[in-house]
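For ligands, and for the atoms within them, numbers begin at 1 and follow the listed sequence.
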Amino acid sequence: MFDHIIARDSSTNPITITPIAEGDFQSWLSDQSETTKAWVAANGYEAKRGAQLALPGTNGAFGSVLIGYVDDAKAIWDFAGLPASLPEGVYGLSASISDNAALYEKAALGLYLGGYRFDRYRKDDGKKDKRAKIALHNNEAAKRAENVARGIGLARDLINIPANDMGPAELEAAARTLGDEFGAKVSAIVGEDLLKQNFPAIHTVGYGSDRDPRLIDLVWGDANAPKITLVGKGVCFDTGGYDLKPSSNMLLMKKDMGGSAQVLGLARMIMAANLPVRLRVLIPAVENMVSGRAYRPSDILKTRKGLTVEVGNTDAEGRIVLSDALTEAASENPELVIDFATLTGAARVALGLGLPALFSNDDDLANGLMENGLALNDPMWRLPLWDDYRPQLDSKAADMNNISGSPFGGAIIAALFLDRFAEGAKSWAHIDLMAWNPTDRPGRPTGGEAQGIRAVFKLIEDRFGK
Ligand code: BES
Ligand code: ZN
Ligand code: ZN
């Protein structure tokens, strides 16, 4: 996935990438030769963050490349433009930043992600071998960056693969492949067995598809270590069901398993780092389709918890499948339950596409995640589990409805629905995210995106790490 990154050792003789802190540009320049000063001036170069300038070497050869950066949370992205724009060759960061581990890690992560592409459905353009290679030192910072990048890359790939090749069965296969790599146990409860084992809500939503619904269950680590359970919405395609989505809204709905992609990417980071935790990943994987078997508006369905739910809208399917998974997650009384879900359009109206909404019953957890998010440029923003709105989920016919009669506060309403099922969990966070980049930016191409998992990974490392 990241074959543009190679290992650097004493025999590597890379073209130098010289990072220049934006604020240090003048002092850097004053130390340069007259020729370099003239070249820099002729190019109007000022080492603004992310700005690159190639310096000529002797006899017309490529000399080195300058890259401007600011050493803050966003430094990652300052380096991310390099892999796609450098000409063929082998490059390496100058010694000036290899002593600064935190900065080296950010630079390395940007250099990894800058080479991410989703090209498995395109014929080889013949340019693959001609791509610039970046040689990274074999240090802790580079290893951490690699681990994080591989988790993010996995999440992006799973989202980008279209629904015809990423149904519930393929999502299960992806979890099994990941589990095999790290010695995790992966099982799945499929189709009719969901009813036998009391996961009726997952079954009801998934029954409308020819592709069997399932609950994917990955378990890894020492059974006696602190328990962490991640839950991810795995709606492999969301047509909206009978309350059908308009075509423009349906177009992107292969990404409705984006929550499950986050938790698998995050699980990869945790397992590869060998954190001393007992990790469990639960993914209700379904397709929300229309058919003679599909559930209808006004149906009343059962949940694992025993609560009945009246279906106000079949397009609010994510909360229904998550309800059974959260009940199961909370039943083990883990230290932490975190769910990721592309749950509501309303969260996007409130916060935009780049800022996931965070809900939690635990202020410490919420504050920790907000802080990490800002520090790592992997942000999320807390919204309240506003008690006053709970009655909006009341139903006359059942224990609750899956939607509110009001069009306002939809992300909060959805979170309050989940809260009924996460009730027993002592520390629970729910992250309502987009999982998609609408535009191309360096290191962040249009398509599936990891959001919030670096922030959660750091929190788990800090709390439970060795
Ligand atoms: N998967 C969608 C939510 C979604 C849409 C997330 C677009 C990100 C971008 C979810 O299943 C859904 O359709 N929710 C409805 C709920 C409504 C019917 C109460 C929504 O948000 O419109
Ligand atoms: Zn929906
Ligand atoms: Zn959905």
Lys/Arg N to Asp/Glu carboxylate O, Asp71 vs Lys106, below 4.0 Å:
yes

Atom 10 (C) of ligand 1 sits nearest the protein heavy atom Leu343 O, 3.3 Å

Within a reach of under 6.0 Å around NZ of Lys302, are more than 12 heavy atoms found that belong to other residues, nucleotides or ligands?
no

Please work out whether any backbone atom (N, CA, C, O) or any side-chain heavy atom from C-beta onward of Lys255 is under 4.0 Å from ligand 1, and answer side chain, backbone, both or neither.
side chain

Go through ligand 1 atom by atom and flag the ones less than 4.0 Å from a non-hydrogen atom of Ile403.
19 (C)

Does Arg319 have a heavy atom less than 4.0 Å from any atom of ligand 1?
yes

Check whether any N or O atom of Lys245, backbone or side chain, sits under 3.5 Å from an N or O atom of ligand 1, and answer yes or no.
yes

Glu461 with Arg144: basic N within carboxylate O range, under 4.0 Å:
yes

Taking NZ, NE, NH1 and NH2 as the nitrogens, is one of them in Glu310 or Lys396 under 4.0 Å from a carboxylate oxygen of the other?
no

Asn313 N/O under 3.5 Å from ligand 1 N/O
no

Give me the one residue out of Lys426, Arg280, Arg278, Lys227 that meets salt bridge (charged side-chain N to carboxylate O under 4.0 Å, His left out) with Glu335.
Lys426

Answer yes or no on whether Arg382 is positioned over the face of Phe359, meaning its NZ or CZ is under 6.0 Å from the six-membered ring centre and within 45° of the axis.
no

For residues Tyr112 and Tyr116, establish whether the separation of their ring centroids is below 6.0 Å.
no

Against the six-membered ring of Tyr242, is Arg296 placed for a cation-pi contact (under 6.0 Å from the centre, within 45° of the normal)?
no

Rounding to 0.5 Å, atoms CD (Glu449) and CD1 (Ile152) come to a distance of 7.0 Å

Under 4.0 Å from one or more heavy atoms of Lys233, ligand 1 contributes atoms 1 (N), 10 (C), 11 (O)

Residue-atom pairs from the protein, N, O or S only, that lie under 2.8 Å from the Zn ion (ligand 3):
Lys233 NZ, Asp238 OD2, Asp256 OD2, Glu317 OE2

Report yes or no: is the cationic atom of Arg49 (NZ for Lys, CZ for Arg) under 6.0 Å from the centre of the six-membered ring of Tyr69, at an angle within 45° of the ring normal?
no

Only heavy atoms count here, so choose which of Met253, Met257, Glu317, Arg348 is nearest to atom 5 (C) of ligand 1.
Met253

Would you say Gly345 and ligand 1 have an N/O pair spaced under 3.5 Å apart?
yes

List for me each residue that meets side-chain hydrogen bond (donor to acceptor under 3.5 Å, both in side chains) alongside Arg150, sequence neighbours excluded, and say none if there are none.
Glu146

Which atoms of ligand 1 sit under 4.0 Å from any heavy atom of Thr344?
3 (C), 4 (C), 6 (C), 21 (O)

Would you call Arg176 and Glu172 a salt bridge, taking side-chain N to carboxylate O under 4.0 Å as the test?
yes

Among Asp315, Ile320, Thr342, Asp243, which one has a heavy atom closest to atom 15 (C) of ligand 1?
Asp315

Just need the protein heavy atom nearest to atom 1 (N) of ligand 1, so name the residue and atom and give the distance.
Asp256 OD1, 2.8 Å

